[in-house]
Asks: 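Shown below is the structure under consideration.
Residue numbers count from 1 along this sequence. What you see is a predicted model; the values in this text were computed from it and never measured.
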Amino acid sequence: MRDRHGLLTAPISRVLLNMSLPNLLGMLTVLGFNLVDTFFISQLGTLPLAAISFTFPMTLVVASIAIGIGAGVATQLGRLIGSGNASKAKLFLGDALLLTFSLTALLALLGYVFITPLFTLLGATPAALALIHQYMLVWYLGSPLLVLLMVGNQGLRATGDTRSPAKIMALAALINLVLDPLLIFGLGPFPRLAIQGAAIASLISWVLALSWSGYLLLFKRKLVTWGGCCIVRLKYNWQLLAHIARPATLTNLINPMFNALMMAILARMDMNAVAAFGAGTRLESILLLGVMALSSSLVPFIAQNLGANQPARAHQALMLALKFVLVFQTLLYLPIALLADPIAHLFSTDARVIEWLHLYIVLLPLAYGPLGVVIIVATSLNAYHKPMASLVINLCRLFLLMLPMAWLGAELFGVAGLLAALPICNLLMGIGCYFLAQRLGVSSPSNPLTNSLNAER
């Protein structure tokens, strides 16, 4: 596990660019899953589009757990590699993957049992609930494989290798793209499975992508060591993982929880707005790809540099990233706003859905620059071993600021008022997070778990 990718020595801008471009491709393909599914399902009608929109917060819950565990893996693995503990890094990754599969398999079982009461609580009608059942039964079956794939790819990224995960996810996206229309519409010899066909296509792509990722981790790169059932070691490594993963998972979980609340509020006003909001959140994921790719690159970069006692280099990279996302997302807004109407027509033929989606596209990207700052700072705080600060930032943004303002906007101005409240809150939080990043300074934070590792060396 040498510094083959220059995380500790090469120019910061070049390293982040080299890491972010493959990350961008990889994340484009991951988020493309949802966007492709949404596009093809929207061709089935407004009800299937609303049904798939209801599933989005729940699928985000599982994805958020994967992102949280992945943040723990990337941070701790990066520090272990940066401080020269390659053998312990391999044992840590093996134990982390074991915990990942166990937790997500349990979560999938619980999700399967509570499909009806959960989605009924979110406001799904009986007609939409029948479609949700078809989709989620298959999706829950494959969710442990998806999480293993995402966490395993984070293990590869922690070494500085962002190209392999990008290629793996590109293959998965291509398979999903090919299978989606075949299974949804029943083209050629394939049966017409409608909304369930999208879930089956995703499951097949995950199986094949996980096979490739597992081959790289276990055999080609030999990044994983299975240490047997040693309770002391397992407990220690799981504590090491949980130090970052637990608050990082909670941080990511509150986003789908918030989206679920927005869905519930909108469902009581206009089901067409639910369909538009679901399509809009998927589109938002695409428009924030650059931010997500950069934040994913920053975690291993900052972690390895802090592990190698180079805090000034880590902080310089953080501030450079913040300035970039502010400029990039601001420049991106103009073409998106101009193309709002044709983009909205891609997802629906219903005039009311198009109207609400058009408004979403015009309003929310206005503050994607400040939102990018929030994402970058919150993600980087995990690498700085300040995961609770990251959690507090997201809790304040979503539940102390955004939820009350969205509720007030809905009460005063309906759907339009709710949508307008969201970019205002992102702007306020973005300003606060930028000043917080400046105050992080250049001193390397201490972490008792990491310090104990160094004491053993």
Side-chain angles (χ1 to χ4, degrees), residues 33-34 37-38 41 44 47-70 98-151 193-204 206-207 242 245-269 271 273-275 277-279 281-282 285 391 394-395 398-399 403:
F33 271 93
N34 286 320
D37 287 351
T38 302
I41 290 171
L44 298 173
L47 181 61
L49 180 59
I52 198 69
S53 297
F54 275 113
T55 69
F56 195 43
M58 294 304 104
T59 57
L60 271 180
V61 167
V62 175
S64 296
I65 292 173
I67 293 170
I69 296 175
L98 175 62
L99 181 64
T100 297
F101 181 79
S102 302
L103 286 177
T104 51
L106 177 60
L107 180 64
L109 179 61
L110 291 174
Y112 170 78
V113 171
F114 291 104
I115 287 178
T116 297
L118 182 58
F119 286 99
T120 301
L121 183 64
L122 290 177
T125 63
L129 193 59
L131 297 177
I132 291 169
H133 264 279
Q134 295 176 24
Y135 184 85
M136 293 305 293
L137 285 175
V138 177
W139 196 92
Y140 278 132
L141 178 65
S143 59
L145 304 181
L146 172 63
V147 177
L148 269 181
L149 173 63
M150 294 176 68
V151 174
L193 299 175
I195 193 172
Q196 192 174 65
I200 294 174
S202 296
L203 174 59
I204 294 172
W206 295 339
V207 170
R246 189 163 46 207
T249 298
L250 290 174
T251 297
N252 285 283
L253 278 174
I254 62 177
N255 287 285
M257 287 171 59
F258 177 81
N259 282 339
L261 288 173
M262 293 298 100
M263 290 282 191
I265 294 173
L266 290 171
R268 285 155 180 77
M269 292 190 291
M271 284 298 292
V274 173
F277 189 82
T281 52
R282 285 163 165 78
S285 299
L391 177 60
N394 282 281
L395 282 172
L398 294 176
F399 291 100
L403 182 59

Asks: Tell me the closest heavy-atom pair linking Ala267 and Gly123, and the distance in Å.
Replies: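 Smallest interatomic distance, heavy atoms only, reads CB-O, 4.4 Å.
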Asks: Below 4.5 Å, heavy atoms only, C-beta onward: do Leu49 and Ile52 meet side chain to side chain?
Replies: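 They are in side-chain contact.
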Asks: OG1/Thr116 to CG/Leu121 distance, rounded to the nearest 0.5 angstrom?
Replies: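 Going from the OG1 atom of Thr116 to the CG atom of Leu121 covers 12.5 Å.
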Asks: Kindly give the heavy-atom pair with the smallest separation between Ala66 and Val151, and that separation in Å.
Replies: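 Closest approach of Ala66 to Val151: O-CG2, 3.8 Å.
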Asks: If I take atom CD1 from residue Ile195 and atom CD1 from residue Ile132, how far apart are they, to the nearest 0.5 angstrom?
Replies: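 One finds 7.5 Å between CD1 of Ile195 and CD1 of Ile132.
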Asks: Do Ile115 and Tyr140 pass the side-chain contact (heavy atoms from CB on, under 4.5 Å) test, and can you show the C-alpha distance, the side-chain angles, and the key distance before you say yes or no?
Replies: CA-CA 10 Å; Ile115 287 178; Tyr140 278 132; 3.9 Å; yes
Asks: Side-chain contact test, heavy atoms from C-beta onward, threshold under 4.5 Å: evaluate it for Leu261 versus Phe399 and give yes or no.
Replies: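 In short, these two side chains touch, coming nearer than 4.5 Å.
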Asks: Rounded to the nearest 0.5 Å, what separates atom OG1 in Thr55 from atom OH in Tyr135?
Replies: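 Atom-to-atom, Thr55:OG1 and Tyr135:OH are 5.0 Å apart.
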Asks: Working to the nearest 0.5 Å, report the span between OG of Ser143 and CG of Leu148.
Replies: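 Going from OG on Ser143 over to CG on Leu148, the span is 10.0 Å.
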Asks: So do the side chains of Met271 and Leu266 get within less than 4.5 Å of each other, counting heavy atoms only?
Replies: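 The answer is no, as the side chains (C-beta and beyond) never meet within the 4.5 Å cut-off.
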Asks: Between Leu403 and Leu398, is the side-chain contact (heavy atoms from CB on, under 4.5 Å) condition met? List the steps.
Replies: CA-CA 6 Å; Leu403 182 59; Leu398 294 176; over 6 Å; no
Asks: Could you check whether any side-chain heavy atom of Ile254 comes within less than 4.5 Å of a side-chain heavy atom of Leu395, counting everything from C-beta outward?
Replies: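 In short, these two side chains touch, coming nearer than 4.5 Å.
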Asks: So do Leu99 and Leu103 actually touch side chain to side chain, heavy atoms under 4.5 Å?
Replies: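 When only atoms from C-beta onward are counted, Leu99 and Leu103 do touch, with a gap below 4.5 Å.
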Asks: Would you give the length of the straight line joining atom CG of Leu250 to atom CG of Leu391, rounded to the nearest 0.5 angstrom?
Replies: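 Going from CG on Leu250 over to CG on Leu391, the span is 5.5 Å.
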Asks: Quick check against the 3.5 Å criterion: does Gln134 have a side-chain atom that pairs as donor or acceptor with the backbone of Gln196?
Replies: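 Between the backbone of Gln196 and the side chain of Gln134 there is no qualifying donor-acceptor contact (under 3.5 Å).
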Asks: Side chains of Phe277 and Asn259, heavy atoms from C-beta outward: is any pair under 4.5 Å?
Replies: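 Yes, close enough: below the 4.5 Å cut-off.
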Asks: Nearest heavy-atom pair of Leu98 and Ser102: which atoms, and what distance?
Replies: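 Scanning both residues completely, I find the closest heavy atoms to be O-OG, 3.0 Å.
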Asks: Are the side chains of Leu203 and Trp139 in contact, using a 4.5 Å heavy-atom criterion?
Replies: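 No. Closest side-chain heavy atoms not under 4.5 Å.
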Asks: Roughly how far, to the nearest 0.5 Å, is the CE atom of Met150 from the CD1 atom of Ile65?
Replies: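 Reported to 0.5 Å precision, the distance equals 11.0 Å.
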Asks: So, do Met136 and Phe119 sit near enough that their side-chain heavy atoms are less than 4.5 Å apart?
Replies: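 Result yes, sub-4.5 Å side-chain heavy-atom pair found.
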